[in-house]
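Letters go in sequence order (proteins before strands), and every chain restarts at 1.
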Amino acid sequence: MREDPTRYNPAEIEPRWQAKWDADPTLYAAEPHTSDKPKFYCLEMLPYPSGQLHIGHVRNYSIGDTLARYMRMRGYNVLHPMGWDAFGLPAENAALKNNTPPRQWTLNNIAQMKVQMRRLGFSYDWAGTEVTTCLPDYYRWNQWLFLKMVEQGLAYRKSSKVNWCPQCATVLANEQVISGYCWRHEDQLVEQRELEQWFLRITKYADELLDGLDQMPGWPEKVRTMQRNWIGRSEGAHVTFKVVDNDAAEITVFTTRIDTIFGATSVQLAPEHPLVKQFAALDHKLSLAVDEMVAQQKAAKESGDIGSIDKHGVATAHFAINPFNGEQLPIWVANYILADYGTGAIMSVPGHDERDFEFATKYHLPIRRVVTAADGEEPLPFIAEAGAFIINSGDYSDLTCAEAQHRLATHAEMNGFGKATTTYRLKDWGVSRQRYWGTPIPMVYCAEHGIVPVKEADLPVLLPEQVEITQEGGSPLAKVPEFLNTTCPVCGGPARRETDTMDTFVDSSWYFYRYTDAHNATKPFDSAKANYWFPIDQYIGGVEHAILHLIYSRFWTRVMRDLGLIENSEPVTRLFTQGMVIKDGAKMSKSKGNVVSPDVMIDKFGVDATRMYALFAAPPDRDLDWQEDGVAGISRFLARVYRVTTKFAPAVRALESSVRGDEVAAAEFASETPAELALLRTLHQTIAKITEDFSGRWHFNTCISAIMILVNEIIAAEPAMDSGAISVATTAELLRKLTLLLAPFAPFLAAELWQELGAEGSVFTQSWPVADAALARESEIEIPVQINGKLATVIKLPADSDEAAIKAASLADEKVAARLVGKTIVKHLVIKGKLVNLVIK
RNA sequence: GCCGGGAUGGUGGAAUCGGCAGACACAGCGGACUUAAAAUCCGCAGUUGCGAAAGCGACGUGGGGGUUCAAGUCCCCCUCCCGGCACCA
């Protein structure tokens, strides 16, 4: 039975085509940047080489490959690259566990995964584009770009509190801390340590990164919102308060509502505010209370509900002076004030802020009204809307809030105690990592000359191969004397190298530019090539990178633009975030034992069925519940396509060899029977539907269902094809176009069937079929007739029937007539080509 | 608390612009083929009432209200689920 040659056998078909495709390394190469074809840069997020492709990758890459194949058939010059995000901690963990060097482990994994990806038939230009970020020919450009950033003042070193993951044994960027936990160890709380680190000045671009989001209609609103929140721009003012009887101390607060400053009745400091330390040193009771608050804030942060801790505070013995009216305000320390936002100090305006109101009520602090929208009677706290104005505020009374904000800030600035300011939640990107398997930071420490960049000519700073990886903290490179000890680029004297490596998000921040010129040995890439291909037309990946990779990439693009390497400011025109693949309603995980292996699926059902199921089971943006029975269903469908196509293939081949294609068309279209026209109608409706879906909606699940409908109709017509009632020419037309429609979704089967049908060339270099509107049009349509909005019957009419004809036909229907007996027609509504509704009484 | 996304048969999902709810598949049931099974093919299939049947009717897109000749789709209110943000001053 298995030997039955008429039976669909992906295990035979797929490896045969794979071998053929692999033998031609230029098969999927894009044309050079001088091509006159329109370009299309189709990109999927590169994988980390864990060694095993998972089903989520299969989904991600199937979406991208389907699009890439389609766009090629539409005549675009398509760049479809792939690479490896190959630096990172797992390689070091594996080294510890298996005693395999990280490099070897990583390269082995890459080799394995590449076999899997080739097996899946993805149309990547491996030879032209493959980038492996852990190899010196790539990471030397990380170093080169880092040096450029040092030159521009965009990379700098400073000591500060940083996030430390004990499991990673390294520092993390803010973006890599998810609600207090490590992004790769979800149970690991992140600690704070004071360390000297390299930072990249992403905050320089904060405004541009934020404002750019408004001009990115091709990105999901969700991702843009997340980035907006992350950047967290807040426009307001700084105001500096002097402290009574303490000339050395002053408190600068940040407020977005300087217009309410006459309503301030206290000043609140974060427990970790520097001035609190000073006060507490002389006040034991305060000191104890503050320690408790610090501990409480820390605990709340860790349990993730810092938003809901009970507000409490403690008064200090000190007073601050409101610079606008000289009023003395008590200085408190409060547990709801965060040290790391704004200035860590606020003016408390309980009349017009909910938190301040809650606090003031609890501690019986005065509550004062300084804003109203009408009569000054609104219940407090009153949060002003547009149109409100200021009262009880001296010279500023009666101004609108906006006007008062402007005047107060200006007054503060002229008198040197404040000014309009913008704060951001976004902090500079800490890129130092105390790990081995990453890009060495190309800097040298000289006793004489301080921190000195490595000379460009001396790049790359190679990562040494023989390194002992241990669990204990500290940079592994610091224990490699051959690496550590070097000479100063300025004086040639003894010096030591920076032993931290770069965050691996540096690698992925610009890899897609390298794809455009992956083998360039003298530059990161040729600008002319990058400028031709960029921005990326379509980027496809998981939403989990919304504020990591995707914000770093936007930053890096601007840096490279300002260095003159590229012209674009944004890397990606359209972003698509696909949903997760889940199993039995839950995220796949080893601990739940619900992991689906792509290899097992392919062994059982073949690549085409596996890929197609990944596209069929849900729209690509939604989560997809993997059901093996569903893959089996797709496999049966493909088997039907194979059977019917191969059955008629000999007749089609014979026809093709006797008549030229266009003559067939000319001869045929004169004399089709109604049965043939009906089939051609479905064919052209299917072409139209799929073509439209590719232009934006991407609901490949409904594309595939449309193909199934077409196939079901072809199979239903099989007896007529057998008998000759449907001509071989029509059959040929149907099967050839069907094969073209299948090509982006089931490439192996399409390649096989295209050959079976005796057509010339590769199915993938054919033009995408064009829907013929005339053929797609229905000659006869069914019109539902409703009575009082409920379906009464369905009538059949010629498609071009006018309103009068539809009206008459609806009344002529006997079911309708029966229902009309003894009733009055109140309204007879006809929607041409759609429906009839009779309102009767 | 705020911002997104979602809730449709036994299951995944379809209905793209307010116009026949449930396309296409999965699972299920019945039949054909077979000694039998698998595979394959054909058919049935939202729930429910009446009926021997053909058929006829009612209900039905998380819940409640509204707009409309007509609502899964638009408006208002509410519930639950997923994701993100969160004393951000």
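Using modelled atom types, one finds a donor on one side chain and an acceptor on the other under 3.5 Å when comparing A:Y552 with A:E175. Under the 3.5 Å distance criterion, with hydrogens and angles disregarded, a donor-acceptor pair is assigned to the side chains of A:T240 and A:T252. Looking only at atom types and distance, the side chain of A:K689 has a donor-acceptor partner in the side chain of A:T702 under 3.5 Å away. A:Y642 and A:N9 share no donor-acceptor pair across their side chains, judged by distance under 3.5 Å alone. Of the N and O atoms on the side chains of A:N163 and A:Q192, at least one donor lies less than 3.5 Å from an acceptor on the other residue.
B:G13 has its base anti relative to the sugar, with a glycosidic angle deviating from 0 by more than 90°. Using a 90° window around 0 for the glycosidic torsion, B:C59 falls outside it and is classed as anti.
Among the protein residues, A:I707 comes within range of no part of the nucleic acid, since none of its heavy atoms lies under 4.0 Å from any strand. Residue contacts for A:D356: at a heavy-atom cut-off of 4.0 Å it reaches no nucleic acid atom on any strand shown.
For A:F417 and A:F324, the distance between ring centers is under 6.0 angstrom.
Distances shorter than 4.0 Å separate none of the side-chain N or O atoms of A:T423 from OP1 or OP2 on B:C88. Side-chain nitrogen and oxygen atoms of A:K827 include at least one within less than 4.0 Å of the OP1 or OP2 phosphate oxygen of B:C69. Taking only side-chain nitrogens and oxygens, A:R224 never comes nearer than 4.0 Å to OP1 or OP2 of B:C3.
The existence of a salt bridge linking A:R224 and A:E221 is confirmed by a sub-4.0 Å separation between a basic side-chain nitrogen and an acidic carboxylate oxygen.
Remark: A:R574 is positioned above the aromatic ring of A:W698, its terminal NZ or CZ atom under 6.0 angstrom from the ring centre and at most 45 degrees off the axis. In this structure, A:K311 satisfies the cation-pi test against A:Y336, with its NZ or CZ atom closer than 6.0 Å to the six-membered ring centre and inside 45 degrees of the ring normal.
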Bracket string, RNA chain B, 5' to 3' - pairs by Watson-Crick or G-U geometry under 3.5 Å, | interstrand: (((((((..(((......[....))).(((((.......))))).(((((....)))))..(((((..]....))))))))))))....

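Mapping A:D625 and A:F254 onto RNA chain B by nearest heavy atom places A:D625 at the nucleotide closer to the 5' end. Mapping A:R643 and A:V543 onto RNA chain B via the closest heavy atom, the residue that lands nearer the 5' end is A:R643.
Taking only side-chain atoms of A:N229, from C-beta outward, the nucleotide of B:A89, B:C87, B:C85 with the closest atom is B:C85.
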Under 4.0 Å protein heavy-atom contact, by nucleotide of nucleotides 14-27 of chain B - B base, S sugar-phosphate only: SSB--BB--BBSSS

